[in-house]
Amino acid sequence: MGKDYYAILGVSKDASDDAIKKAYRKQALKWHPDRNKNNAEQAKIKFQEIGEAFEVLSDKNKRAVYDQLGEEGLKGGGGAPPPGANGFGGAGGFPGGGFSSFGGFPGGGGHTFSFSTGGPGGGFGGGFHPSNADDIFKQFFASFGGGGGSGGFHGSSMMDEDFDDDIPMGGSGGMPGGFNFGSGRSPRSKQSSPPPAAVKRALPISLEDLYKGTTKRLKVTRTVRDRTTGQTTNTDKILTINVKPGWKAGTKIRFPGEGDDLGHGPAQDIEFIVEEKPHPIFKREGDDLRMSMQLSLVEALTGFSKQIKTLDDRKLNVSSGDKVTQPGQESRVRNEGMPNSKTGNKGDLIIKYDVKFPTQLTPAQKQAIQNAFR
């Protein structure tokens, strides 16, 4: 059995053109590879199937053949042409001339159907491959007036003045190339369209800033639409985020209505998700901080006293007194960990000791050790 294109889009066999378009939009956005980084291979396959299904069902001639013969008959040429679907010979039948005579049907020359890269309603040449699904995707959303241009946040950047790099906003909802899905929609599309999804972006913050708290100022370039004329303009706005001491990775900060105006419903929200930058010394474990301290064999055996520079630039003294420190041993310094953003209390600093043994000893050193430990 061939593929069930209706099931792939989630519509009934008597679905209208508008229902098919709406279903395609929903499925294409859901399964676009750029939105499924953790499951890219499956998303690529699903996205390709969705594009293939839409290319067939959005074209009346292709859909008529598919309804009569199914996928196998459509691509491989089985059965007879559907009633009323005349003109299969040459380029006069389907756009692009997929069946050159009745070669794809019994008694013919075995010509087969292949998808085009021309998007919905396009020709039958070229052979379908994953990149064509993106062509269909782009052309579909371009048909709403947004085009395949910069759209979304118009390829501009959202920049923290303290960051080394810009954070690209991409397109509306994170789609590649930045397609402006909203412009040029009809009133009926406005009523049936779901609310625009929030634009989500990572917000990398250093461990020092998460310890002390800080203020981040981000410049966002977004699309603003005149609801009377439909004209769009780009405007810059500074968004301020007050980072509280103790915020953890995954903390979300949402700015309602500060994204693009897609032309239907409210403007998009922008949501930042905190990411913790790696630190060369400390590693966070909940509200605790963990670090390693290297000791020489002499320090491990006879005692040590060292200073640690804390995340807020204080000098913290750590000492073993006259105790022997074992390799891998840990000590805990109370209230020198991360602050808790809700309670204000601090966790602990956990220090693991790494004892560095000498690689070579002289005979005199060996004798001295033997004498000391007899």
Pair [X] + [Y]: basic N to acidic O under 4.0 Å:
X	Y	value
K62	E55	yes
D261	R222	no
K309	D313	yes
K3	E52	yes
D312	K212	no
K277	E208	no
K352	E330	no

Validation row, ring centre Y5 to ring centre F54 under 6.0 Å:
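Aromatic pair excluded; centres sit 6.0 Å or further apart.
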Please step through side-chain hydrogen bond (donor to acceptor under 3.5 Å, both in side chains) for the pair D14 and Y6, ending with a clear verdict.
CA-CA 9 Å; D14 60 350; Y6 292 101; over 6 Å; no
Got a second to check how far [X]'s [atom1] is from [Y]'s [atom2], nearest 0.5 Å?
X	Y	atom1	atom2	result
I20	K22	CD1	NZ	13.5 Å
D34	F47	CG	CZ	9.0 Å
T302	L295	OG1	CG	10.0 Å
M291	I281	CE	CD1	6.5 Å
S292	I350	OG	CD1	11.0 Å

I want to check something: taking the side chain as every heavy atom from C-beta on, are [X] and [Y] in contact at a cut-off of under 4.5 Å?
X	Y	result
T310	E336	yes
F272	L218	yes
L349	D288	no
D17	S58	no
T221	T235	no
W247	I241	yes
K216	L239	no
Y24	L29	no

Between D209 (side chain) and I205 (backbone), is there a donor-acceptor pair under 3.5 Å?
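No.
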How would you list, by chain and number, every residue that makes a salt bridge (charged side-chain N to carboxylate O under 4.0 Å, His left out) with K306, sequence neighbours excluded?
E299
Residues two or more places apart in sequence or in another chain: which of them pass salt bridge (charged side-chain N to carboxylate O under 4.0 Å, His left out) with E271?
K200, R254
Tell me, with the steps shown, if D226 and Q231 meet side-chain hydrogen bond (donor to acceptor under 3.5 Å, both in side chains).
CA-CA 5 Å; D226 187 318; Q231 296 295 317; over 6 Å; no
Does the side chain to side chain contact (heavy atoms under 4.5 Å, CB included) test come out yes or no for V224 and T232, once each step is laid out?
CA-CA 6 Å; V224 177; T232 60; over 6 Å; no
Can you list every salt bridge (Lys or Arg N to Asp or Glu O under 4.0 Å) pair that touches residues 354-374, not counting sequence neighbours?
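Output for this query is empty, none listed.
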Which pairs pass salt bridge (Lys or Arg N to Asp or Glu O under 4.0 Å) with one or both residues in residues 235-244, sequence neighbours excluded?
K237-E258
Verdict with supporting geometry, N340 and N345, side-chain hydrogen bond (donor to acceptor under 3.5 Å, both in side chains):
CA-CA 5 Å; N340 185 294; N345 298 327; over 6 Å; no
N/O donor to acceptor pairs below 3.5 angstrom from side-chain atoms of residues 320-328, sequence neighbours left out:
from	atom 1	to	atom 2	distance (Å)
S320	OG	F304	N	3.0

Evaluation steps, side chain to side chain contact (heavy atoms under 4.5 Å, CB included), between Q42 and W31:
CA-CA 9 Å; Q42 182 187 1; W31 287 104; 4.0 Å; yes
Who pairs with Y211 by ring pair (Phe, Tyr, Trp, His ring centres under 6.0 Å), at least two apart in sequence or on another chain?
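Not a single residue meets the ring pair (Phe, Tyr, Trp, His ring centres under 6.0 Å) criterion with Y211.
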